[in-house]
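Report on the structure given below.
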Amino acid sequence: MGIEGGNTSSKSGNVDKFLSPPPGFEGCSKSVNVDKLLSPPPGFEGVNRSSKSGNVDKLLSPPPGFESQARFVLRKVQEKTNGFRPGDADSFQKLLNRRPWIVQEHTTPSSGVLKTTKPEVQPRRLRRVSKKIVLEEASVFNPTEKEFNDTLSYIASLRDISEPHGICCVVPPPSWDPPCLLGERQIWEGSRFFTQVQIFDGVHTDDPKIKKETDADSDDDDTFHKVKFCKTELGNEYTLEIFKNFADSYLESHFRLKEKVKDAWPTVADVEKEFRKLLENPFVELGVLYGNNIDTKTFGSGFPLSGSSESCKYKTSGWNLNNTAKLPGSLLTFDDCESVCVPRLSVGMCLSSQLWKSEKERLYSLFYLHTGAPRVWYSVAGCHRYKFKAFMESFVPKVSGEQSKKSYDSVMAMSPYALHMEGIPVTRCVQNRGQYVILFPGTYYSAVDCGFNCLEIANFATLDWLPHKEIDALQNQEKKIKSLLSYDKLLFGAASEAVKCLKEYSLTKKETADNMRWFNACGKEGMFSNTVKSRVKKEKSRVQYLSGPLKPQRMEESFDDVSKRACCVCFVDLHLSAVQCSCSADRYSCLSHMRNLCACPYDKKSFLYRYTIDELNILAEALEQRKLSCMFKWGNIDGNYCASPAIRSSQAGGDKGKTTDEVMQDAETGGKEQMKARGKVRSIIEIMNVKEENDNESGTVDPKPLF
């Protein structure tokens, strides 16, 4: 019973027990020499299953058409190593390697069963770089005296030509020869700065077959299998005089110069050749000094800030980097971040380099070479930055959680010629003494110095920078990084300035540079007005759906303190709106993270706003439609919000020593004057509204829709 209709055969002495077949398999029998025989699935009856005696019980081949597609990770080997001894793991691994559809992992034999472990993640290998590669040269411009006078307007005229390359060089007119204050005794011998030690490590090996100087055009692909990294350490303190003597002696010893003759010193091509060898040959080691990000506020600037009348044009010029950040038309005038607005100095020596980086906040950068040897720049334009980042990240292996907690001071030293071979456009630019280099937003750049030199760097931001900053702010929010600049503060500060200039142009028709700049940027098709309108729309949606259960409250002027303007969760800027709880006066969050602010109920939390949505709509309409009535309304709104706290603070400071009656009388007088001013503004707005209604009824259209 239990084996009805079953036909089972056995061999005496070999089989201890019989197995009953499952229902539907009564015709199957268990043979003596085969442990198990499986019938093929429907549709595969013609496929033969063969067995091979010896070291392998079975060898499977991939289905037709799936040789390269069907890949899976071999997690555990269930087969016993019949015929294999514990030391024959290598032989068994070779057999497993014959199965191309299996992703093999490192295996170790244990108790006759091969167990698998996670594979070691290996960094990507770098392709062999050819010496025959030639990089594209950056554009070099020679402006006239008239073009050179307006700094930002001239830079804007170069944007269409140079921004696709990320970099360009400007040679000033012959009359531009500002005095270099770095050579004065007070700075040259007195001012001190700390250096950075750049260490380019090579491959260390005792194998004489590997330890050899190879040529970059060698056919040995394994020669350049790893990317080099540069370690940075804090160096000693130097003055410019001592650093120059050290840099000159190093240059002389490195190139083995026998005589200090000017013509015998290495050329730019000689230094570039050494730099390529340093980056592309894994066996070349080097250590140099580099002075980077030296604050001119404490060290001193190379441009004059005060002096005789002869240097007056250099003190007030926009090409004086002390003035560049705060020029009319630069959005940095609406923020006082010193780390961005104050120029920095860079002091280099032969083969000191600025490794690949992108300017903070994706700002414009302006570099001026005061004195010394040339600097060679390599740039990847902002339109290729994501391809560049993906390529660079592919050479950094993913590490475990414990390793990621460690802090590394190494920076990848990637050859620009290797980037070019990977299809990433790289532009080369040589900067000589007295020339400017402009880096456009989002550009990644690298540089190498050909000898001792001193550069000064300044940042600025024009209207076309706003889209770059918006993307940067969103990425910082995702990564939970606090931005140096407030996007909303710059945007709405510029919007208020635009309304003032548009109102002045509407009333006086003065075509000043500021008035025409904002007039061209606003309107229905204006880039700036569309940017403000888009930001207002996003804020409206956020407030409408997230601020419902909170008690609204207008912000105070003290909220502009830097320590209070960031969300405690994602560190996003809180210039327009924020959430605060009564349980903590110094802790804020954005609307999206108000649940993470604290565990208190919503009735204890307040929604802080700078402007209402209706007020922001008035601003957007003033910029888009250029309506004079909206301009007056926004001027009244912005003026009351910005001025009222200041008036209160000034009154608080000036009321010392006065009696209570005198203070109340002054407040009453000031209140009457303020009411009169508001009445005048209302009357002007009413007149403008009547005029706009009459124009709409009559159907007259002004060729320039200012109203």
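Source: prediction; values computed, not measured.
For the atom pair E539 CD and Y611 OH, the distance stands at 12.0 Å (nearest 0.5 Å). In this structure, OH in Y487 is found 9.5 Å from NZ in K469, a value given to the nearest 0.5 Å. Separating the CG atom in L591 from the CG atom in L550 is a distance of 7.0 Å, to the nearest 0.5 Å. Between the OH atom of Y445 and the CD1 atom of I167 there is a distance of 10.0 Å, given to the nearest 0.5 Å. We find the CD-CE distance between Q580 and M594 to be 15.0 Å, quoted to the nearest 0.5 Å. Distance CE/M555 to CZ/R610: 5.5 Å, rounded to 0.5 Å.
By the 4.5 Å heavy-atom criterion applied to side chains, S483 and F571 are not counted as neighbours. Contact check for V340 versus D335: no side-chain heavy atoms found under the 4.5 Å cut-off. By the 4.5 Å heavy-atom criterion applied to side chains, I294 and R344 are not counted as neighbours. Proximity of F303 to N323: side-chain heavy atoms (C-beta onward) are nowhere separated by under 4.5 Å. No side-chain heavy atom of C341 sits less than 4.5 Å from a side-chain heavy atom of D336. Side-chain contact between L152 and F460 is present, with at least one heavy-atom pair separated by less than 4.5 Å. Contact annotation: the side chain of S162 never approaches that of I438 to less than 4.5 Å [non-hydrogen atoms, C-beta and beyond].
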- Are L546 and S592 close enough, and set up right, to give a side chain to side chain contact (heavy atoms under 4.5 Å, CB included), and what steps lead you there? CA-CA 7 Å; L546 297 177; S592 302; 4.2 Å; yes

- Query: How far apart are the C-alpha atoms of Y364 and W465, what are their side-chain angles, what is the distance that settles it, and do they pass the ring pair (Phe, Tyr, Trp, His ring centres under 6.0 Å) test?
  - Reply: CA-CA 8 Å; Y364 275 91; W465 167 78; 8.6 Å; no

- Task: Would you sort out whether T612 and D614 count as a side-chain hydrogen bond (donor to acceptor under 3.5 Å, both in side chains), showing the intermediate values?
- Result: CA-CA 5 Å; T612 64; D614 292 336; 5.2 Å; no

- After noting the C-alpha distance and the side-chain angles of L574 and V572, does the key distance pass the side chain to side chain contact (heavy atoms under 4.5 Å, CB included) rule? CA-CA 6 Å; L574 299 178; V572 71; 4.2 Å; yes

- Message: Working note: N476 + K482, criterion side chain to side chain contact (heavy atoms under 4.5 Å, CB included); need CA distance, chi angles, decisive distance, verdict.
- Response: CA-CA 7 Å; N476 287 343; K482 187 175 182 179; over 6 Å; no

- Message: Walk me through whether L466 and L491 qualify under side chain to side chain contact (heavy atoms under 4.5 Å, CB included).
- Response: CA-CA 8 Å; L466 282 172; L491 180 64; 4.0 Å; yes

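D488 is linked by a salt bridge (charged side-chain N to carboxylate O under 4.0 Å, His left out) to R535, counting only residues two or more places apart in sequence or in another chain.
Closest non-hydrogen pair, S379 versus T443, comes out as CB-CG2, 3.9 Å. The shortest non-hydrogen separation linking C600 to K605 is O-CE, 3.5 Å. Taking each heavy atom of G291 and F193 in turn, the nearest pair found is CA-CE1, 4.2 Å.
A salt bridge between E470 and K538 is present, with a side-chain N of the basic residue lying under 4.0 Å from a carboxylate O of the acidic one. Under 4.0 Å is where a charged nitrogen must lie from a carboxylate oxygen, and between E615 and R554 at least one such pair does. Ionic pairing of K360 and D472 is not present here: no N-O contact between side-chain nitrogen and carboxylate oxygen is shorter than 4.0 angstrom.
More than 12 heavy-atom neighbours from other residues, nucleotides or ligands sit within 6.0 angstrom of CD on Q544. Applying the 6.0 Å contact sphere to NZ of K489 captures more than 12 heavy atoms from other residues, nucleotides or ligands. Around the NZ atom of K357, the shell of radius 6.0 Å holds more than 12 heavy atoms that belong to other residues, nucleotides or ligands. Atom NZ of K510 has 12 or fewer neighbouring heavy atoms from other residues, nucleotides or ligands inside a 6.0 Å radius. Atom NZ of K533 has 12 or fewer neighbouring heavy atoms from other residues, nucleotides or ligands inside a 6.0 Å radius. Enclosure of atom OH in Y545 is not indicated, since only 12 or fewer non-hydrogen atoms of other residues, nucleotides or ligands lie within 6.0 angstrom.
Looking only at distances, no side-chain donor or acceptor of K480 sits under 3.5 Å from a matching main-chain atom of V569. A donor-acceptor pair under 3.5 Å is absent between the side-chain atoms of S606 and the main chain of L608, judged by distance alone. The closest donor-acceptor contact from the side chain of N636 to the backbone of F632 lies at 3.5 Å or more, if one exists at all. With hydrogens and angles disregarded, no donor-acceptor distance shorter than 3.5 Å links the side chain of E504 to the backbone of N515. When atom types are taken as modelled, the side chain of S330 and the backbone of L327 share no donor-acceptor pair closer than 3.5 angstrom.
Here the two rings, on F388 and W356, have centers that are under 6.0 Å apart.
Judged purely by distance below 3.5 Å, without hydrogens or angles, the side chains of T512 and D514 never pair a donor atom with an acceptor atom.
By the 6.0 Å and 45° rule, K389 does not stack over the aromatic ring of F391.
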